[in-house]
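Only a predicted model underlies this, so the values are computations on that prediction, with no experimental measurement involved. All chains are named by letter (A, B, ...) in the order of the sequence lines, taking the proteins before the strands, and each is independently numbered beginning at 1.
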Amino acid sequence: MDNLCKNRTHNDGELTIKNVGETVELKGWCAKKRNLGSLVFIDIRDKHGITQLRCDEKTASISSSIRNEYVIYAKGVVVERESKNKNIPTGDIEVDVTELKIINTSEQPPIYITDDVDAVSENVRLKYRYLDLRRKSMQDILKLRHNITRSVRNYLDNLDFTEVETPILAKSTPEGARDYLVPSRVHNGAFYALPQSPQLFKQLLMVAGLERYYQIARCFRDEDLRADRQPEFTQIDIEMSFVDLETLYSVLEGMFRKIWKDIKGIDNLTFPRMTWNDCMNNYGSDKPDLRYDMKLIDISSIFEDSDVEFLKGKVIKAIVAKNAASLYTRKEIDGLADLAKLFKAKGLCWVKVNNDTLEGASAKLITEKERELFKEKLNYENGDLILFVADEWLNAVNAMGQIRIAVAKKLNLAKQDEYKFLWVTEFPMYEYTDDGKLQAMHHPFTAYIEDDEKYIQDEPLKVRSNAYDLVLNGYELGSGSVRIYNQEMQKKVFERIGLTDEDINYKFGFFVEALKYGTPPHMGMGFGLERIAMILAGTNNIRDVVAFPKIQSATDLMNECPSSVDDDALALLGIKVVNKE
RNA sequence: GGUCUAGUGGUGUAGCGGUUAACAUGCCUCCCUGUCACGGAGGAGAUCGUGGGUUCGAUUCCCAUCUAGAUCGCCA
């Protein structure tokens with residue numbers, strides 16, 4: 001067996017017509033065997049590619065017993081093929097095998113290793129992830145992730161950033177997402193929490209004087225999963241001291257320019273900015289997909305004096321879906337209405353434009369006089385479908401934002417290979433929870449815009465914060481903010497959300513303490529690595545860009561975690577499980 | 001926790017109130033010297049997710065449940 005552990009002379013993707021005549025030794029997996037009787041072709045595969053082995057009578061006894069996914073060794077001479085395969089780089093040659101050995105056998109694989117992903121259900125792929133990852137497309141994605149982080153590290157290293165690892169075992173924070181807890185053996189009844197983000201640590205590194213920090217940081221959130229959300233994920237985490245916001249923007253834009261240049265060869269990215277308020281008004285979303293336009297148009301003024309009760313005095317937002325009238329059946333429009341209702345709108349109005357007349361359920365709501373203004377505002381043409389919602393401002397924009405997305409999807413407006421970044425700026429500082437309590441929209445260490453200080457007491461929703469998101473193609477890539485370094489401002493922010501000194505001390509004691517010791521002005525941002533990878537890989541499923549992902553129930557189908565542990569282990573931790581499944 | 005969708009040989013699908021449960025691929029045996037998703041002949045392999053109900057009869061209809069996905073809530 002020993003000689004089977006020797007190096008191979010070549011990998012399985014590099015032999016070409018230039019190598020003809022050379023004696024080579026290859027190793028890899030049997031990807032496919034084609035048995036023509038006394039002549040057998042075997043495709044040997046490693047991470048570099050596939051080479052065809054030509055096995056005749058000399059090796060018949062071995063070749064006959066080789067099955068898919070056996071690990072094999074082949075020695076032979078590179079020869080030009082009689083019939084060539086233009087589809088693979090090694091298609092001009094084959095190896096005329098003189099020596100063939102089985103290094104390892106394989107059970108019949110539950111999945112066939114092919115790049116036709118649809119050939120296997122995702123659950124089977126996830127259960128046998130190590131086989132799934134043999135597929136070239138999956139290995140390409142792992143390399144893509146590697147290339148992203150490599151670009152990030154290269155870029156930030158050149159700008160004098162220091163990568164620092166922050167703890168995985170940390171202190172539970174009482175706000176935000178649910179924490180994953182880890183029981184302490186030494187201190188029974190006490191728990192570590194896995195970090196939701198390195199937020200507090202990176203700010204402490206600014207207090208410490210690192211000035212420029214980054215980390216490819218693993219984060220954990222015990223919340224329900226989504227197509228773009230995993231309970232553990234990786235954040236490109238960045239923080240800077242002694243810079244202004246423009247500098248931060250340009251550093252971060254430069255990082256994305258480098259990533260896209262390195263990976264896609266694209267160097268014409270632009271980074272427009274829009275305030276949160278404009279964004280909500282124009283697109284009904286704080287993460288709009290700008291690959292298509294179809295802005296929300298405000299037509300409230302047209303119906304100010306309407307006799308129709310549910311239009312009068314309401315905020316009315318409309319979209320014009322170009323040439324969509326004939327594409328939507330009544331039933332499909334009803335589906336859109338259901339969607340609008342799901343987002344708290346009371347209903348959805350629609351009209352189709354046909355020969356300059358308005359047709360459809362809502363046409364009768366619009367008087368002759370209003371029609372002129374309607375036409376002028378919306379600038380519609382024959383064949384267009386007009387959809388609008390009348391409601392309170394937030395409900396109207398939210399609902400129409402969702403309608404805009406749904407219509408764009410049906411009309412296939414977004415191009416796969418287009419990349420539209422957007423900075424969304426000036427997020428509100430505060431928001432109300434469902435039970436009527438005021439809370440910080442981002443986090444309570446975010447600085448507000450000083451001009452708005454006058455609103456804090458009486459009109460807190462008008463206070464804008466120095467928080468910003470970077471959005472790409474409808475995904476939130478990351479968010480960040482200018483942090484509070486001024487004790488007075490911090491006090492005001494805490495006070496307004498009703499935190500007493502006691503609360504503050506209990507929740508953020510060590511952190512607030514640290515900020516008292518000469519905190520420099522600082523700001524930063526965190527980006528979801530998986531979302532970046534998803535977009536670059538052209539997938540809309542985060543599991544595709546994670547080597548060993550968890551499914552919607554937060555379990556791992558391969559290693560079957562989480563799992564119960566034996567009573568001794570629990571006793572050591574002072575833990576008793578009450579409702580054991 | 002809510003809503004919607006799906007569960008049929010190893011894998012991917014079809015089907016239907018009464019079928020020998022179909023097809024492809026994979027697997028096994030045999031034939032084949034130019035294949036490359038090789039081809040040809042034959043064969044094995046499925047209590048149709050689970051439990052109840054309706055029915056003379058259920059894989060099919062109904063209810064429950066489990067599992068998976070999408071989504072709302074949630075994700076400061």
Side-chain angles (χ1 to χ4, degrees), chain A residues 31-44 50-57 60 64-65 67-69 79-88 90-91 94 96 106-128 131-132 173-179 196-197 199-200 219-231 233 335 338-339 341-344 398 402 405-406 427-431 433-434 437-446 465 467 476 479 481 493 497 507-508 528 540-541 543 550-553 555 557 581:
Chain A
K32 188 75 193 173
K33 187 169 91 167
R34 291 176 293 279
N35 189 346
L36 280 65
S38 52
L39 181 63
V40 177
F41 295 109
I42 292 174
D43 288 340
I44 187 171
I50 281 176
T51 298
Q52 177 165 286
L53 304 176
R54 181 186 192 279
C55 308
D56 57 19
E57 294 88 346
S64 66
S65 55
R67 301 286 177 270
N68 280 357
E69 300 311 317
V79 297
E80 186 169 359
R81 287 201 199 183
E82 272 180 36
S83 53
K84 297 181 177 178
N85 182 351
K86 298 291 172 208
N87 298 322
I88 56 173
T90 62
E94 64 195 1
D96 189 17
S106 169
E107 297 279 305
Q108 182 190 338
I111 61 180
Y112 179 50
I113 313 300
T114 165
D115 274 333
D116 179 9
V117 178
D118 294 332
V120 189
S121 78
E122 198 189 7
N123 283 356
V124 179
R125 289 175 51 202
L126 291 176
K127 182 169 182 188
Y128 301 95
L131 295 179
D132 191 41
T173 48
E175 300 198 351
R178 273 187 288 271
D179 287 318
Q196 298 174 24
S197 94
Q199 182 64 35
L200 298 187
C219 307
F220 306 85
R221 292 179 191 174
D222 187 5
E223 295 292 345
D224 287 349
L225 289 78
R226 285 288 187 279
D228 62 353
R229 256 162 43 189
Q230 283 273 302
F233 60 98
D338 289 341
L339 180 67
K341 285 175 191 159
L342 190 61
F343 287 86
K344 296 182 186 170
N398 274 338
Q402 295 294 327
I405 292 169
F427 271 72
M429 184 74 190
Y430 297 107
E431 64 185 349
T433 60
D434 282 339
K437 278 168 66 180
L438 198 67
Q439 67 176 13
M441 197 175 202
H442 193 52
H443 57 62
F445 311 107
T446 302
S465 72
E476 177 198 319
S479 36
S481 63
V493 170
I497 55 177
K507 292 182 173 184
F508 315 109
N540 50 19
N541 180 345
R543 293 182 297 275
K550 295 190 172 47
I551 58 170
Q552 196 162 331
S553 53
T555 56
L557 285 177
E581 279 179 20

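Taking atom P on both nucleotides, B:rG17 is separated from B:rC61 by 8 Å, rounded to a whole Å. The same atom, C1', is picked in B:rA70 and in B:rG53; the two are 31 Å apart, to the nearest Å. B:rU50 and B:rU67 are spaced 15 Å apart, taking the P atom of each and rounding to whole Å. Spacing of P atoms, B:rG39 relative to B:rG34, comes out at 14 Å, to the nearest Å. Nucleotides B:rU47 and B:rG43 have their C1' atoms positioned 22 Å apart, rounded to a whole Å. B:rU8 and B:rA21 have their C1' atoms separated by 9 Å, given to the nearest Å. The separation of B:rC30 from B:rC23, taken at their C1' atoms, amounts to 24 Å, rounded to a whole angstrom. Taking atom P in both B:rG51 and B:rG9, the straight-line distance is 16 Å, to the nearest Å.
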Using nucleotides 46-49 of chain B, report all nitrogen or oxygen pairs with the protein that are shorter than 3.5 Å.
none

Please write out the pairs of protein N or O atoms and N or O atoms of nucleotides 24-28 of chain B separated by less than 3.5 Å, giving the distance to one decimal.
| from | atom 1 | to | atom 2 | distance (Å) |
| --- | --- | --- | --- | --- |
| B:rG26 | OP1 | A:K32 | NZ | 3.2 |
| B:rG26 | O2' | A:Q108 | NE2 | 3.0 |
| B:rC28 | OP1 | A:R67 | NE | 2.4 |

Do any N or O atoms of the protein come closer than 3.5 Å to N or O atoms of nucleotides 67-72 of chain B, and which pairs are they?
| from | atom 1 | to | atom 2 | distance (Å) |
| --- | --- | --- | --- | --- |
| B:rA68 | OP1 | A:S553 | OG | 3.0 |
| B:rA68 | O2' | A:N123 | ND2 | 3.4 |
| B:rG69 | OP1 | A:Q552 | N | 2.7 |
| B:rG69 | OP2 | A:Q552 | N | 3.3 |
| B:rG69 | O3' | A:R543 | NH2 | 3.3 |
| B:rA70 | OP1 | A:R543 | NH1 | 3.3 |
| B:rA70 | OP1 | A:R543 | NH2 | 3.2 |
| B:rA70 | OP2 | A:Q552 | OE1 | 2.7 |
| B:rA70 | N7 | A:Q552 | NE2 | 3.4 |
| B:rU71 | OP2 | A:A227 | N | 3.1 |
| B:rU71 | O4 | A:Q552 | NE2 | 2.8 |
| B:rC72 | OP2 | A:R226 | NE | 3.2 |
| B:rC72 | N4 | A:R226 | NH2 | 3.4 |

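Nearest heavy-atom pair across A:L131 and A:P110 is CD1-CD, 3.6 Å. Nearest heavy atom pair, residue A:C219 against residue A:S197, reads SG-CA, 3.8 Å. Contact detail for A:P444 and A:A440: the closest heavy-atom pair is N-CB, 3.8 Å.
Ion pairing between A:E223 and A:R229 fails under the 4.0 Å rule for side-chain N and carboxylate O. Comment: A:R221 does not engage A:D179 in a salt bridge, judged by the lack of any side-chain N to carboxylate O separation of less than 4.0 angstrom. Here A:D132 pairs with A:R125 in a salt bridge; the nearest charged N to carboxylate O distance falls below 4.0 Å.
For A:E57, the listed nucleotide lying nearest its side chain is B:rU33; candidates were B:rU11, B:rU35, B:rU33. Of the candidate nucleotides B:rU11, B:rC74, B:rG34, B:rG34 has the atom lying nearest to any side-chain atom of A:R54. Set against B:rU35, B:rC75, B:rC32, the side chain of A:N35 has B:rC32 as its closest nucleotide. Here the side chain of A:E431 is nearest to one of B:rA76, B:rG10, B:rU35, namely B:rA76.
For A:Q52 and B:rC38, the CD to P distance is 10 Å, given to the nearest whole Å. Atom CG in A:D96 sits about 17 Å away from atom P in B:rU35, given to the nearest Å. In this structure, the CZ atom of A:F427 is 15 Å from the P atom of B:rC75, given to the nearest Å. Distance A:E80 CD to B:rC36 P: 19 Å, rounded to the nearest Å. Atom-to-atom, CZ of A:F41 to P of B:rG39 comes out at 14 Å; the value is rounded to the nearest Å. What separates CZ of A:R34 from P of B:rC38 is a distance of 5 Å, to the nearest Å. If you take CG of A:L36 and C1' of B:rC30, they are 15 Å apart, rounded to a whole angstrom. In this entry the distance linking CG of A:D43 with C1' of B:rC38 reads 11 Å, nearest Å.
Ring pair A:F445/A:F508: centre-to-centre distance below 6.0 Å.
Between the side chain of A:E94 and the base of B:rG34, a donor-acceptor pair under 3.5 Å is found. For A:R229 and B:rC75, a side-chain-to-base donor-acceptor distance below 3.5 Å is present, hydrogens and geometry of angles not being considered.
Every residue meeting the side-chain hydrogen bond (donor to acceptor under 3.5 Å, both in side chains) condition with A:K550, not counting sequence neighbours, appears here in chain and number order: A:E232. Evaluation of the salt bridge (Lys or Arg N to Asp or Glu O under 4.0 Å) rule for A:R54 yields A:D56, A:E94, A:D96 as partners, not counting sequence neighbours. The side-chain hydrogen bond (donor to acceptor under 3.5 Å, both in side chains) test applied to A:D338 returns no partner, not counting sequence neighbours.
Under the Watson-Crick or G-U wobble criterion, with both distances below 3.5 Å, B:rC61 is paired with B:rG53. Partner assigned to B:rU20 is none, using Watson-Crick or G-U wobble distances below 3.5 angstrom. Applying the Watson-Crick and G-U wobble criteria (two distances, each under 3.5 Å), B:rA37 pairs with nothing in any strand. Remark: B:rA70 base-pairs with B:rU3. Criterion, Watson-Crick or G-U wobble with two distances under 3.5 Å.
Comparing A:I111 and A:S83 by the nucleotide of RNA chain B whose heavy atom lies nearest to each, the residue mapping closer to the 5' end is A:I111.
Atom-to-atom distance recorded for A:K33:NZ and A:S65:OG is 7.0 Å, nearest 0.5 angstrom. Within the model, atoms CD1 of A:I42 and CD of A:Q52 stand 10.0 Å from one another, a figure rounded to the nearest 0.5 Å.
Remark: side-chain polar atoms of A:T446 are not paired, donor with acceptor, to backbone N or O of A:H442 under 3.5 angstrom.
Among the heavy atoms of the strands lying under 4.0 Å from A:K84 is at least one base atom, whether or not backbone atoms are also near. A:E82 comes within 4.0 angstrom of a nucleotide base, judged by non-hydrogen atoms across all strands.
The number of heavy-atom neighbours closer than 6.0 Å to NZ of A:K127, taken from other residues, nucleotides and ligands shown, is 12 or below.
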